[in-house]
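Have a look at the structure below, then the notes.
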Amino acid sequence: MLIFFPDGGSREFPDGTTSLEVASSISRGLASRALAARVDGSVKGLSSPLHDGAHIEILTFESPEGRDVLRHSASHLLAAAVCNLYPGVRFGIGPSIEDGFYYDMDIPGFPGISAVEAIEAEMKRLSAADMPFERIETDLEGARRLMSELGQTYKLELLDEIEASGESVTLYRCGGFLDLCRGPHVPSTSFIRHFKLLSVAGAYWRGDEKREMLTRIYGTVFDSSKALSDHLALLEEARKRDHRKLGPELGLFTTGPEGGAGLIYWLPNGTVIREELETLWKAAHRRNGYNLVTTPHIAPSDLWVTSGHCSYYRDNMYFLPADDVEYVLKPMNCPGHILIYKSEKRSYRELPFRLAELGTVYRYEKSGVLHGLMRVRGFTVDDGHIFCTPDQIVEEIRNVVSFALYFLRIFNFGYAIELSLCDPDDMSHYAGKPEMWARVEPALADALDGMGEEYRVVRGEAAFYGPKIDIKMRDALGRYWQGPTIQFDFNIPERFDLTYTGQDGSEHRIYMVHRALFGSVERFIGNLIEHFAGNFPGWLAPLQVVILPITAQQHERAAEVATMVADRGFRCSLDRRSETIGYRIRAAENRKVPIMLVIGGREADSGRVAVRAHGRGDLGAFSFEEALGLIEDACRRPALPEGGRYLSEIP
RNA sequence: GCCGGCGUAGCUCAGGUGGUAGAGCAGCGCACUCGUAAUGCGCAGGUCAUCGGUUCGAGUCCGAUCGCCGGCUCCA
């Protein structure tokens with residue numbers, strides 16, 4: 001029979017040849033890396049026989065599909081190991097996920113995380129034993145009978161769904177473990193060698209909190225021990241950079257039971273970082289045509305009834321009874337900004353009208369979701385609202401996106417843009433008229449197209465009140481985080497009846513955009529801590545310069561130098577402790593101070609200072625002015641966005 | 001909120017089967033005056049998360065609460 005290859009070539013093979021045999025015929029290397037095959041467009045196991053005229057592509061760990069097959073097979077290996085160790089285990093589902101796999105199981109007598117080592121050892125044993133993954137095609141009733149005999153109640157439930165969907169049923173056997181599974185899998189367990197179990201957690205069956213909680217075991221698998229150890233090293237690096245560890249260690253913030261779960265107490269060092277960020281943020285916003293405003297932390301609940309939050313956001317709100325009026329601790333800034341918009345009649349000449357505020361909000365979050373700075377109950381949104389006419393949308397969106405990217409570039413974050421649009425098949429639950437959506441959605445795409453930015457369109461992911469652009473930021477470890485977000489709102493302008501007087505003298509519905517570039521200041525700083533591993537750029541460093549006299553002989557000169565550095569506006573500290581210079585350098589390095597000025601007898605005599613940069617070591621001796629230049633370079637604040645475009649005029 | 005795990009000095013951690021707490025680092029004091037990531041000696045520091053129970057006796061066993069961690073769910 002004739003088999004076709006991706007490069008267009010073809011070759012003759014005996015009937016019944018499998019993909020694995022084809023791979024072997026190409027090269028030993030390919031055969032050893034092969035995990036699955038794409039046959040006529042669909043992913044198949046390597047051991048299934050090919051048919052005449054098949055187009056085949058061998059899939060390795062390089063391809064997403066190959067990785068998926070290996071990970072999925074590893075989850076079966078995990079299940080097979082658990083099956084051997086814990087009789088009576090009932091299996092849920094065990095899919096591949098990004099970077100690994102998991103399996104959800106109800107394991108009688110499961111001792112917890114301590115069992116992981118034994119399970120992993122059993123997986124190793126099964127891998128060495130090279131047990132085949134055997135594909136069994138059966139019908140629904142056959143599968144039901146088998147699963148029922150095995151007591152696999154969860155699988156029976158899955159079979160009911162398969163029946164409803166009319167799919168065919170396949171089973172995979174691996175040793176004593178028989179699983180309902182669409183496949184495909186690697187041919188045998190020896191293909192799964194470089195794996196590690198990572199954690200154990202609870203997970204609801206079918207993700208439904210009313211259903212049973214199963215034990216979920218997470219693991220990861222790669223095609224080489226190098227790739228596995230690289231991945232584990234990345235996880236270790238992430239642990240080291242964890243902002244919950246570095247934050248308190250560097251004196252940035254603290255949290256705890258006395259202060260309330262999910263509430264952040266900013267220490268002096270952390271407050272320096274906040275203030276630097278906020279100062280830049282305010283200056284950049286003024287330059288980009290925003291009007292900075294300040295709104296109260298509480299407001300009568302009637303305001304939140306009008307905005308709709310009292311009905312759809314109630315569970316997240318803190319209520320404050322006072323006299324006869326109930327107040328609400330603000331969970332969002334928009335109603336406040338709307339009152340400011342409404343404080344006078346607005347003319348089209350004033351538009352676009354941009355408001356911005358570093359507004360601290362409070363939201364009740366379930367205790368289990370709280371997480372360091374990333375998920376808290378009190379945080380500061382760098383909130384902005386743009387009120388504009390339909391004609392101004394494209395321009396405003398383009399400006400906001402480039403403003404967002406300005407901040408990401410300052411910190412060297414990578415990014416990926418997502419455009420979330422409505423589900424056109426079900427417009428019933430969306431606010432705003434369909435024609436408004438029809439007008440705005442293409443405008444968002446236009447703005448992005450016009451900027452030459454790549455973006456991904458996600459249909460049906462829009463909020464009920466409007467379409468949005470989300471920018472995910474990629475940190476130094478390649479991880480993605482929720483970054484800037486730009487959201488249209490068709491709902492609130494209607495609820496508050498927001499209008500402007502047009503050129504024609506009549507009132508028109510205003511278009512409104514919410515946008516946050518940091519998102520929350522807390523979360524953004526959490527991201528910065530992990531992105532820089534605590535080694536902040538000089539302008540953010542809580543302490544920028546440490547002066548280190550070698551002996552008491554230089555204390556006087558060191559104090560002079562410290563005063564001069566501090567006078568130039570740098571955050572500077574003098575370390576005159578009677579410790580060795582090595583000890584004090586180590587202390588400064590551990591505090592991640594960008595610049596150390598070491599002053600010994602030689603420097604004191606010559607009026608020079610020895611400069612040492614954090615992480616780079618000794619740079620040698622310099623005159624004071626030269627050293628100051630180095631400090632200025634290391635601690636220079638980022639430039640503001642280009643000015644001039646937002647010249648303000650009396651309307 | 002749910003499941004599982006954890007909670008001993010500021011930090012990192014010891015404290016078999018119950019007999020009333022220990023180290024290193026950090027801090028403070030003294031000595032040392034030192035040349036680029038840990039000088040030596042000494043001192044001080046803990047109602048063993050909190051509350052309740054079992055026991056003659058609880059850091060240790062049981063329960064509740066709080067917080068933290070891993071997930072789930074949620075995230076307008």
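This is a predicted model, so every value here is computed, not measured. Each chain gets a letter, A, B and so on, in the order its sequence line appears, and its residues count up from 1.
For A:Asp68, the salt bridge (charged side-chain N to carboxylate O under 4.0 Å, His left out) test picks out no residue, with sequence neighbours left out. Scanning for side chain to side chain donor-acceptor pair (under 3.5 Å) contacts around A:Tyr511 gives an empty result, with sequence neighbours left out. With sequence neighbours excluded, no residue satisfies salt bridge (charged side-chain N to carboxylate O under 4.0 Å, His left out) with A:Arg377. By the side-chain contact (heavy atoms from CB on, under 4.5 Å) test, A:Arg456 pairs with A:Glu418, A:Val458, sequence neighbours left out.
In this model, a donor atom of one side chain and an acceptor atom of the other lie less than 3.5 Å apart for A:His614 and A:Asn535. Remark: the A:Trp481 side chain and the A:Asp475 side chain contain an N/O donor-acceptor pair separated by less than 3.5 Å. Between the side chains of A:Thr551 and A:Gln554, a donor-acceptor pair is found at a separation under 3.5 Å. Residues A:Thr295 and A:Lys330 have side chains that bring a donor and an acceptor to within less than 3.5 angstrom of each other. Counted by atom type alone, A:Tyr312 and A:Arg314 present zero donor-acceptor pairs between their side chains at under 3.5 Å. Defined by atom type and a distance below 3.5 Å, a donor-acceptor pair is missing between the side-chain atoms of A:Arg495 and A:Ser307.
Contact check, A:Arg244 against B:C69: a side-chain N or O comes under 4.0 Å of OP1 or OP2. Look at A:Ser578 and you won't find any side-chain N or O under 4.0 angstrom from OP1 or OP2 of B:C32.
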A:Asp382 vs A:Phe524, test: side-chain contact (heavy atoms from CB on, under 4.5 Å). Steps then yes/no. CA-CA 10 Å; A:Asp382 69 316; A:Phe524 194 76; over 6 Å; no
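Taking every heavy atom of residues 598-614 of chain A and every atom of RNA chain B, pairs under 4.0 Å involve A:Val598, A:Gly600, A:Gly601, A:Arg602, A:Glu603, A:Ala610, A:Arg612, by number.
For A:Arg216 and A:Tyr102, the positive end sits near the middle of the six-membered ring, less than 6.0 Å away and at most 45° from its axis.
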Please produce a list of atom pairs where a protein N or O lies less than 3.5 Å from an N or O of nucleotides 71-76 of chain B.
unit_1, atom_1, unit_2, atom_2, d
B:G71, O3', A:Tyr218, OH, 3.1
B:G71, O2', A:Gly202, O, 3.3
B:C72, O4', A:Gly202, O, 3.4
B:C72, O2', A:Tyr204, N, 3.2
B:U73, O2', A:Glu209, OE2, 3.2
B:C74, O2, A:Arg375, NH2, 3.2
B:C75, O2, A:Arg375, NH1, 3.4

Can you pull every protein N or O that's under 3.5 Å from an N or O on nucleotides 42-44 of chain B?
none

N/O contacts under 3.5 Å, protein versus nucleotides 26-29 of chain B?
unit_1, atom_1, unit_2, atom_2, d
B:A26, OP1, A:Tyr583, OH, 3.2
B:G27, OP1, A:Arg577, NH1, 3.0
B:G27, OP2, A:Tyr583, OH, 3.2

Identify each atom pair where a protein N or O and an N or O of nucleotides 45-51 of chain B are less than 3.5 Å apart, giving names and distance.
none

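At most 12 non-hydrogen atoms from other residues, nucleotides or ligands lie less than 6.0 angstrom from CZ of A:Arg616.
Within 4.0 Å of A:Ile585, counting heavy atoms only, lies at least one base atom of the nucleic acid.
Here, B:A76 and B:G15 have their P atoms 46 Å apart, quoted to the whole Å. Across B:C41 and B:U17, the matching P atoms stand 34 Å from one another, rounded to whole Å. Only the C1' atoms considered, B:G16 is 25 Å distant from B:G53, to the nearest whole Å. A gap of 35 Å separates the C1' atoms of B:C48 and B:A37, to the nearest Å. Remark: the separation of the C1' atoms in B:A26 and B:A64 is 36 Å, to the nearest Å. Rounded to the nearest Å, the gap between the C1' atom of B:G45 and that of B:U8 is 14 Å. Spacing of P atoms, B:G63 relative to B:G7, comes out at 15 Å, to the nearest Å. With P as the reference atom, B:A21 and B:G4 are 34 Å apart, rounded to whole Å.
A:Gln553 places its CD atom 11 Å from the C1' atom of B:C34, with the value rounded to the nearest Å. Computed from coordinates, the A:Leu246 CG to B:U12 C1' distance equals 15 Å when rounded to whole Å. Following rounding to the nearest Å, A:Ile107 (CD1) and B:C3 (P) show an atom-to-atom distance of 17 Å. A:Ile581 places its CD1 atom 12 Å from the P atom of B:C34, with the value rounded to the nearest Å. In this entry the distance linking NE2 of A:His555 with P of B:C34 reads 12 Å, nearest Å. Rounded to whole Å, atom P of B:U36 lies 15 Å from atom CG of A:Leu619. In this structure, A:Met596 atom CE and B:A37 atom P are separated by 10 Å, rounded to whole Å. Per the geometry, CG belonging to A:Leu370 stands 11 Å off C1' belonging to B:G1, to the nearest Å.
Residues A:Met332 and A:Trp304 come closest through the heavy atom pair O-CH2, 3.3 Å.
Residue pairs satisfying the salt bridge (charged side-chain N to carboxylate O under 4.0 Å, His left out) criterion with at least one member in residues 260-270 of chain A, sequence neighbours excluded, are absent.
Between A:His385 and A:His337, the ring planes lie perpendicular to each other; the angle is over 60°, past the 30° to 60° tilted range. Taking the six-membered ring where tryptophan is involved, the planes of A:Phe222 and A:His231 are tilted, since the angle between them lies from 30° to 60°. In this structure, A:His76 and A:His72 have perpendicular ring planes: the angle between them is above 60°, well past the 30° mark.
Put simply, the side chain of A:His243 never gets that close to the backbone of A:Gly372: no donor and acceptor are under 3.5 Å apart.
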If a pair means Watson-Crick or G-U wobble with both distances below 3.5 Å, what does RNA chain B look like in dot-bracket form, with | marking bases paired to a different strand? (((((((..((((.....[..)))).(((((.......))))).....(((((..]....))))))))))))....
Side-chain polar contacts of residues 591-606 of chain A - donor-acceptor pairs under 3.5 angstrom, sequence neighbours left out - could you list them?
unit_1, atom_1, unit_2, atom_2, d
A:Glu603, OE1, A:Gly600, N, 2.9
A:Ser606, OG, A:Arg602, O, 3.0
A:Ser606, OG, A:Glu603, O, 3.4

